[in-house]
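Only one structure is covered here, and it is reproduced in the block below.
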Amino acid sequence: MSILNKFSGSSKFCNIILPILVLIILSLPLVKINQAEISEIENRKLTKFPEFNSIFESAFNKQFDAWLSDRFFLRDDYLALQRQILLINRRFINKKAFVGYDGWQFSNITKSDQTPYSAAKLKKIKNNINYFKDFCDSIGAKCYMVIAPRREDFVGNQPFTMLTKDKAGQVYNVTKNIIPTIYPYKEFQDANKKELVFFKPDHHWTEYGALVAYRELMARIKVDFPEIISVNEGDYEIYQSPKVMAEADRKFNNGATCKLLNLTEKECLDENVQYKYYKIKDKTPRNDLKVAMIGNSFIENFATFWWPTFAQHKKFRANERGYDNLKLTRWKSEIEEFHPSIIILVLNSFYTFKLDSIR
Amino acid sequence: MLFSSVTFLFCFLPLVCLVYFLCPAKARNWWLLLASIFFYAWGEPIYVLIMLATILINYLGALAIERWRDRGKLLLALAIVADLSFLFYFKYFNFVVENINALFTAKIDFIKVVMPIGISFYTFQAMSYLIDVYRRDIGVQKNLGKLALYITLFPQLVAGPIVKYRDVAAQIEERAVEIDAVAEGLRRFIIGLSKKMLLANTLGAVADKIFNQPVVNFDTPTAWLGAVCYSLQLYYDFSGYSDMAIGLGRVFGFKFPENFNYPYISKSITEFWRRWHISLSTWFKEYLYIPLGGNRVGKIRNVFNIAVVFFVTGLWHGAAWNFVVWGLWHGLFNIIEKITGLAKKEGGILLKIFQHSYTILAFVLGWVMFRADNVKYGFEFIRRMFGLFGESHATFQFDYYLDRFEIIMLVLAVIFSVPLCKNLLAFAARRPWTQILLDSGLIALLVVAISFVAASTYNPFIYFRF
């Protein structure tokens with residue numbers, strides 16, 4: 001064979017086998033290309049094969065790299081192998097997330113929470129909250145704001161410390177003089193001694209945490225609406241699960257941060273940790289008032305208590321379907337048409353940076 | 001295209017190898033040339049024209065020097081100016097403008113330009129060819145394709161080693177494909193890829209976490225951790241790439257010169273530069289230091305020559321003052337060693353410990369400046385290393401930076417930075433059963449390295465990304 005003739009002077013069996021094995025290993029990933037549209041594990045659309053326009057454009061090349069990186073054969077197996085190797089770690093750090101002490105998991109956006117808002121930023125937030133209040137007044141609604149405290153303050157001893165007071169506190173000090181703002185920091189501290197107010201493998205508050213915030217908000221709303229009836233724990237069947245439910249689909253999962261870490265359920269969840277969940281016994285709404293709720297994903301667990309409280313409610317989610325801002329113009333006409341009596345803005349400490357996008 | 005990318009590993013390399021081994025010997029150079037140009041154009045579809053222009057300038061320049069020897073110096077100067085013009089425009093123009101604006105409060109506009117990958121490497125490679133032709137160290141290459149192959153050969157195109165034409169001229173003309181060499185090359189490639197993906201990237205992630213923070217955010221032990229991890233990251237990243245380049249060269253029948261020789265065992269900075277980025281230091285020695293007079297001049301002039309070489313060495317690495325400071329830092333130690341004779345001193349164990357320790361300290365501190373975003377941060381970092389920066393508000397504790405895998409990689413990085421494993425590998429290669437074990441280990445290492453390449457493609461989102 002001409003191929004063998006080209007190879008002169010081979011003296012070792014290994015020197016023939018090694019190149020063959022290397023060629024097989026390097027060629028195998030092209031044997032089959034993953035045709036799926038979406039990656040459930042990574043929570044995103046997989047890159048499509050690019051269109052070729054011109055040899056002078058690097059867009060095709062970059063897209064091709066991304067396409068192949070997303071779809072080569074055995075990709076999941078290689079990812080699983082790397083994950084197995086890194087399981088010797090206690091903190092399983094990757095670019096997106098890390099595991100702290102006692103099973104608490106954090107996305108690397110934790111780092112961005114350490115710089116306080118500037119005076120200019122706070123001024124913009126103040127102006128935007130005034131704008132929000134003006135809108136509420138224009139349609140005869142009462143507006144309120146709920147800010148979930150920074151999760152990192154309720155996670156016990158961890159391999160990091162925060163330099164400054166959290167941003168939620170900064171925003172609270174600005175907005176409390178404009179619209180009623182619920183910032184249940186002390187209440188969370190007390191409640192956290194009994195039950196976890198935040199999930200360990202997820203950045204959201206638990207339903208119990210949302211209940212604590214709900215109680216504080218209802219106490220404030222009663223000042224403006226004395227006849228209003230709120231729900232309480234007795235109105236619910238309480239059950240427990242080590243899994244996370246925090247999103248609009250109301251399905252249990254292993255947690256958003258766990259997903260970033262690419263951990264399995266067993267690696268992610270602590271069976272000794274049980275989160276409190278609530279199922280309303282009597283679905284009859286307690287009040288006739290119309291309520292609109294605007295905010296990020298922290299709305300979802302809040303809604304467990306909100307929806308049985310009010311007969312008519314609408315939810316306006318800031319971060320979904322390709323959007324990620326609090327621009328009021330997105331929902332202005334719909335809210336005007338709905339004509340609610342109460343509008344509530346719900347977000348967590350991290351998302352307060354989006355308050356400069358309201359106008 | 002990067003060696004550690006999915007496209008290179010799974011598409012480009014297998015295809016190029018397959019066609020190369022199957023095609024007739026006469027066609028191999030053309031295939032490699034085509035593949036190399038494609039390799040470069042994949043990342044730089046427009047700037048590939050700059051590289052091709054450089055090849056043409058040097059091809060014609062060398063022909064002209066050969067044709068008109070009486071005007072050789074002028075022609076050489078013109079060709080080198082043309083070569084360096086590209087480098088100046090893409091790499092140094094904005095740096096010069098920034099400094100003129102600062103010095104004279106001028107308002108010259110910056111140009112919006114992205115530096116072509118590898119321009120520093122292939123420009124220097126091309127210039128070495130021209131100078132060698134002028135000096136009559138080599139004959140001129142009249143075949144444009146062969147010269148183009150020398151400059152564009154993809155294994156060493158973007159990150160060296162900087163190969164001199166005379167080192168590969170005979171191999172370009174004729175070379176055999178030997179299975180032993182192919183296997184040897186692939187072994188080297190696997191080791192290089194593993195160095196990059198397992199050691200360099202792991203320690204680089206630790207270093208990045210530290211260096212990406214203001215100095216006030218970490219304490220002295222963390223600063224030392226960052227400095228040490230960066231020193232090791234840089235070594236394994238660079239030497240890993242060189243291993244891959246040399247290994248791939250071997251696969252295609254080329255023998256490139258070594259670029260790293262365990263620099264971290266050096267007993268002096270002088271010795272360090274005989275072991276670190278050898279192709280660059282020999283380039284500067286041959287084409288800058290010696291023409292300036294080298295050490296065959298008076299002491300003051302010799303010191304000046306050393307300073308110039310290290311100034312330019314620093315600048316070659318990057319268009320920023322921290323690189324210049326780094327270069328001059330090494331130049332300073334070189335000069336001190338020359339004056340005191342420290343580099344040549346032989347003595348007992350205590351002297352050796354002192355020499356190693358001082359050398360390690362010198363290059364680690366140098367790497368801090370090399371890594372720093374600017375000179376100010378570099379000095380602050382170094383002050384933090386010696387507890388001279390004031391109180392720290394440590395955001396992340398030391399424990400956060402080093403997990404078990406990172407500790408293992410750090411220990412392995414230190415172990416592999418000495419020739420211990422090289423000797424073990426040489427021993428293993430002599431016996432059939434140990435060779436089988438070694439190759440099995442290398443195949444496993446390749447699979448692990450690829451798993452880390454795959455992990456770099458893992459990109460999850462908390463909220464669905466469209």
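Quick note: numbers below take in every heavy atom, side chains included, and nothing from hydrogens, waters or symmetry partners. Letters A, B, ... are given to chains in the order of the sequence lines, protein chains preceding strands, and every chain is numbered from 1.
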Could you give all pairs that pass the salt bridge (Lys or Arg N to Asp or Glu O under 4.0 Å) test and reach residues 436-458 of chain B, with sequence neighbours left out? B:R187-B:D439
Checking heavy atoms, do the side chain of B:A205, its backbone, both or neither come under 4.5 Å from chain A? neither
In terms of heavy-atom contacts, does CZ of B:F398 have more than 12 from other residues, nucleotides or ligands at under 6.0 Å? yes
Distance, nearest 0.5 Å, that separates CZ of A:R90 from CG of B:L402: 9.0 Å
Supply the atom-to-atom distance A:W67 CH2 to B:T7 OG1, rounded to the nearest 0.5 angstrom. 9.5 Å
Under 4.5 Å, counting heavy-atom pairs only, tell me which of B:I190, B:V448, B:L186, B:V251 racks up the most with chain A. B:L186
B:L198, part contacting chain A, at a heavy-atom distance under 4.5 Å: neither
About how many Å separate CG of B:D180 and SG of A:C14, when rounded to the nearest 0.5 Å? 10.5 Å
Tell me which of these, B:S5, B:G43, B:A454, has more heavy-atom pairs under 4.5 Å with chain A than the rest. B:A454
What part of A:I88 is in contact with chain B, defined as an atom under 4.5 angstrom from a non-hydrogen atom: side chain, backbone, both or neither? both
Please find the pair of heavy atoms, one from A:K259 and one from B:Y458, that lie closest to each other, and give the distance. O-OH, 2.8 Å
Other residues, nucleotides, ligands: >12 heavy atoms within 6.0 Å of B:F427 CZ: no
Test side-chain contact (heavy atoms from CB on, under 4.5 Å) applied to B:M115 - qualifying residues, sequence neighbours left out: B:F90, B:K91, B:I119
Can you say whether B:L13 sits under 4.5 Å from chain A via the side chain, the backbone, both, or neither, judging by heavy atoms? side chain
So A:F60 and B:P45, do their side chains get closer than 4.5 Å, heavy atoms only? no
Would you mind telling me which of B:E44, B:M1, B:Q397 has the largest number of heavy-atom pairs within less than 4.5 Å of chain A? B:Q397
Counting only non-hydrogen atoms closer than 4.5 Å, does A:L86 touch chain B with its backbone (N, CA, C, O), its side chain (CB onward), both, or neither? side chain
Decide yes or no on side chain to side chain contact (heavy atoms under 4.5 Å, CB included) for B:E406 and A:N89, but give the supporting numbers first. CA-CA 8 Å; B:E406 284 76 19; A:N89 274 349; 3.7 Å; yes
OG1 of B:T457 to OH of A:Y78: how many Å apart, nearest 0.5 Å? 12.0 Å
Looking only at atom types and distance, does a side-chain atom of B:D399 sit under 3.5 Å from a main-chain N or O of A:P159, one as donor and one as acceptor? no
Within this structure, what is the OG-CD1 distance for the pair B:S440 and A:I17, rounded to the nearest 0.5 Å? 10.5 Å
Segment of B:I436 engaging chain A (4.5 angstrom heavy-atom cut-off): both
Taking A:Q158 for the side chain and B:F396 for the main chain, is one N or O donor matched with an acceptor at less than 3.5 Å? no
Okay, side chain of B:D403, backbone of A:R91: is any donor-acceptor separation there less than 3.5 Å? yes
Spacing of A:L87 atom CG and B:F405 atom CZ [to the nearest 0.5 Å]: 11.5 Å
Chain B interface, residue from A:D76, A:L260, A:I85 that has the most non-hydrogen pairs under 4.5 Å: A:L260
Could you tell me if the side chain of A:F73 sits less than 4.5 Å from the side chain of B:F10, heavy atoms only? no
Quick one, B:V6 and A:D65 - any side-chain contact, counting heavy atoms below 4.5 Å? no
Under a 4.5 Å cutoff for heavy-atom pairs, which residue among B:L9, B:L18, B:L442 has the most contacts with chain A? B:L9
Inspect the surroundings of NZ in A:K243 and state if more than 12 heavy atoms from other residues, nucleotides or ligands are less than 6.0 Å away. yes
Contact origin within A:L23 toward chain B - heavy atom pairs under 4.5 Å: side chain
Applying a strict 4.5 Å limit to non-hydrogen atoms, the region of B:L438 in contact with chain A is neither
Which atom names give the shortest non-hydrogen contact between B:A183 and A:L18, and what distance separates them? O-CD2, 3.6 Å
